[in-house]
Trainee: 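Dropping the structure in here first, questions after.
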Amino acid sequence: MKRSGRLHPDPATFIQANLPISPVPAVPEILLHTAGPASGLWRIAGREEADPAPYWAYPWAGGAVLARHLLDRPETVIGRRVVDLGAGSGLVAIAAAKAGAAAVTAIDVDVNAIAAIGLNAAVNGVSIVALAADIIDEPPPEEIDLLVVGDVFYDPSLALRVMAFLRRCQAAGIEMLIGDPERAHLPRGELTRIATHGVADFGAGLAAKAVGAGVFSLSSIPKDATKPEGPAATA
């Protein structure tokens, strides 16, 4: 008989045993524990609808393009305090640390991602604080110079929540970089493209072809966007 209520294996132990370490395509300076066809991710991620998808097991294009950008332009992060939102594997956080950031915090809602980030940081010889939290409905984080955000615009409701959070961060004076291969829910009209790099969207499969992913900043809010409309505006 099969036993019900079977516990998931320890995340770190599972990742070390089943996800081999390999260089990231287009970002070979960084090594990650990456899932393959025989990794059996369901054993750790679960099969219930409420279980988070194991996005952390692959280097996605938005993270890859940000990592490439930070490593190529270390002046973007040298000496700065960086927060990686929706960090997944920790790819962008690791790139920021390698490029010379003073402190790096990686945040993700999935506790399995936090385990992966710790292991991946150790493999790359960098120090990262990894936190399991959902902060996008909260006030902007304090003591931060740069917020990096990759691959978060894949769902319409999530995209709206993220954009509201990014606007609050912008109002608080926090600089942001966004990485995305222009998925359907990317708010293109609110972003300014800074750079484009050819990277693999690894989550689409191990043999995924390179895509031209972009690095974006958040466009400024028009000065008159917050003015009241109608008769009250001229009262």
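Just so you know, residue 1 is the first one in the sequence shown, and it goes up from there.
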Trainee: Hey, is Glu29 close enough to Lys98 for a salt bridge, meaning N to O under 4.0 Å?
Mentor: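 A salt bridge is absent here (no side-chain N lies under 4.0 Å from a carboxylate O).
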Trainee: Between Ser39 and Asn18, is there a donor-acceptor pair closer than 3.5 Å when you use the side chain of the first and the backbone of the second?
Mentor: yes
Trainee: Passes side-chain contact (heavy atoms from CB on, under 4.5 Å), Leu70 versus Val92? Steps please.
Mentor: CA-CA 8 Å; Leu70 297 183; Val92 186; 4.0 Å; yes
Trainee: When clusters are formed by joining ILVMFWY residues with side-chain heavy atoms under 4.5 Å apart, either directly or through shared neighbours, do Val149 and Ile136 land in the same one?
Mentor: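 Yes.
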Trainee: Any idea which heavy atoms bring Val152 and Leu158 closest together, and the distance?
Mentor: O-CD2, 3.4 Å
Trainee: Decide whether Val82 and Ile174 are clustered together by the hydrophobic rule: side chain heavy atoms of Ile, Leu, Val, Met, Phe, Trp, Tyr closer than 4.5 Å, transitively.
Mentor: no
Trainee: Check whether any side-chain N or O of Asp84 sits under 3.5 Å from a backbone N or O of Gly90 as a donor-acceptor pair, and report yes or no.
Mentor: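 Flag not set: sc Asp84 to bb Gly90 has no pair under 3.5 Å.
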Trainee: List the steps and the verdict of side-chain contact (heavy atoms from CB on, under 4.5 Å) for Ile30 and Leu71.
Mentor: CA-CA 10 Å; Ile30 295 178; Leu71 291 171; 4.1 Å; yes
Trainee: Any ion pair linking Glu138 and Arg168 (charged N to carboxylate O, less than 4.0 Å)?
Mentor: no
Trainee: From Ile44 CD1 over to Asp10 CG, what is the distance, rounded to the nearest 0.5 angstrom?
Mentor: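 Separation between the atoms: 7.5 Å.
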Trainee: After noting the C-alpha distance and the side-chain angles of Tyr154 and Trp60, does the key distance pass the side-chain contact (heavy atoms from CB on, under 4.5 Å) rule?
Mentor: CA-CA 12 Å; Tyr154 56 86; Trp60 294 74; over 6 Å; no
Trainee: At what distance, to the nearest 0.5 angstrom, does CD1 of Ile194 lie from OG1 of Thr192?
Mentor: 7.5 Å
Trainee: Quick check on side chain to side chain contact (heavy atoms under 4.5 Å, CB included): which of Ile15, Leu19, Asn112 does Leu41 satisfy it with?
Mentor: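 That would be Leu19; it is the only one of Ile15, Leu19, Asn112 passing the side chain to side chain contact (heavy atoms under 4.5 Å, CB included) with Leu41.
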Trainee: Is it true that Asp155 and Arg183 make a salt bridge, defined as a side-chain N closer than 4.0 Å to a carboxylate O?
Mentor: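 Looking at Arg183 together with Asp155, the answer is no, because their closest N to O distance does not fall below 4.0 Å.
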Trainee: Please report the closest heavy-atom contact between Ala159 and His185, naming both atoms and the distance.
Mentor: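 Scanning both residues completely, I find the closest heavy atoms to be CB-O, 3.8 Å.
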Trainee: Determine, step by step, whether Asp134 and Arg161 satisfy the side-chain contact (heavy atoms from CB on, under 4.5 Å) criterion, reporting the C-alpha distance in whole Å, the side-chain angles of both residues, the deciding distance to 0.1 Å, and the verdict.
Mentor: CA-CA 11 Å; Asp134 184 352; Arg161 292 176 62 209; 3.2 Å; yes
Trainee: Should Val148 and Phe165 be regarded as members of a common hydrophobic cluster, given that ILVMFWY residues are connected when their side-chain heavy atoms come within less than 4.5 Å of each other, either directly or indirectly?
Mentor: no
Trainee: Using the test ring pair (Phe, Tyr, Trp, His ring centres under 6.0 Å), find all partners of Phe14 that sit at least two apart in sequence or belong to another chain.
Mentor: none
Trainee: Going only through I, L, V, M, F, W and Y residues with side-chain contacts under 4.5 Å, is there a path from Leu166 to Ile107?
Mentor: yes
Trainee: Which pair of non-hydrogen atoms, one from Leu147 and one from Cys169, has the smallest distance, and what is that distance?
Mentor: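 Nearest pair, atom of Leu147 first, then Cys169: CD2-SG, 4.1 Å.
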Trainee: If you round to the nearest 0.5 Å, how far is CG of Leu218 from CZ of Arg167?
Mentor: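 Those atoms lie 4.0 Å apart.
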Trainee: Do the side chains of Phe153 and Val162 get nearer than 4.5 Å, heavy atoms only?
Mentor: yes
Trainee: Identify the two heavy atoms, one from Pro181 and one from Asp151, that lie closest to each other, and give their separation to 0.1 Å.
Mentor: CD-OD1, 3.9 Å
Trainee: So, for Ala213 and Ala61, which heavy atoms are closest and what is the spacing to 0.1 Å?
Mentor: CB-O, 4.0 Å
Trainee: Between Tyr55 and Asp110, is there a side-chain heavy-atom distance shorter than 4.5 Å?
Mentor: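 Asp110 does not reach Tyr55 side chain to side chain.
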Trainee: Val104, Met176: one ILVMFWY side-chain cluster at the under-4.5 Å cut-off?
Mentor: no
Trainee: Arg80 side chain to Ile144 main-chain N or O, any donor-acceptor pair under 3.5 Å?
Mentor: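 Absent.
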Trainee: The criterion is side chain to side chain donor-acceptor pair (under 3.5 Å); which residues satisfy it with Gln16, sequence neighbours excluded?
Mentor: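 Per chain and number, Gln16 pairs via side chain to side chain donor-acceptor pair (under 3.5 Å) with no residue.
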Trainee: So, taking the atom named NE2 in His33 and the one named CH2 in Trp56, what distance separates them when rounded to the nearest 0.5 Å?
Mentor: 10.0 Å
Trainee: Look up atom CZ in Arg193 and atom OG in Ser217, then write down how far apart they are to the nearest 0.5 Å.
Mentor: 11.5 Å
Trainee: Please round to the nearest 0.5 Å and tell me the distance separating atom OG1 of Thr76 and atom NE2 of His69.
Mentor: 4.5 Å
Trainee: Quick one: closest heavy-atom pair of Ala121 and Ile94, and the distance?
Mentor: N-CD1, 4.0 Å
Trainee: Any non-hydrogen side-chain atom of Leu146 less than 4.5 Å from a side-chain atom of Val83?
Mentor: no
Trainee: Test your reading of the model: is there a side-chain donor-acceptor pair from Thr34 to the backbone of Leu32, 3.5 Å cut-off?
Mentor: yes
Trainee: Is the backbone of Ala26 close enough, under 3.5 Å, to the side chain of Arg68 for a donor and an acceptor to pair up by distance?
Mentor: yes
Trainee: For the pair Asp180 (side chain) and Gly62 (backbone), establish whether a donor and an acceptor sit closer than 3.5 Å, ignoring hydrogens and angles.
Mentor: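 Not at all, since once roles are kept as given, no pair shorter than 3.5 Å links the two residues.
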Trainee: Around atom CD of Glu75, are there more than 12 heavy atoms of other residues, nucleotides or ligands at under 6.0 Å?
Mentor: yes
Trainee: Can you sort out the partners of Asn124 under side chain to side chain donor-acceptor pair (under 3.5 Å), two or more places apart, ordered by chain and number?
Mentor: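 In terms of side chain to side chain donor-acceptor pair (under 3.5 Å), with neighbours along the sequence ignored, Asn124 is linked to no residue.
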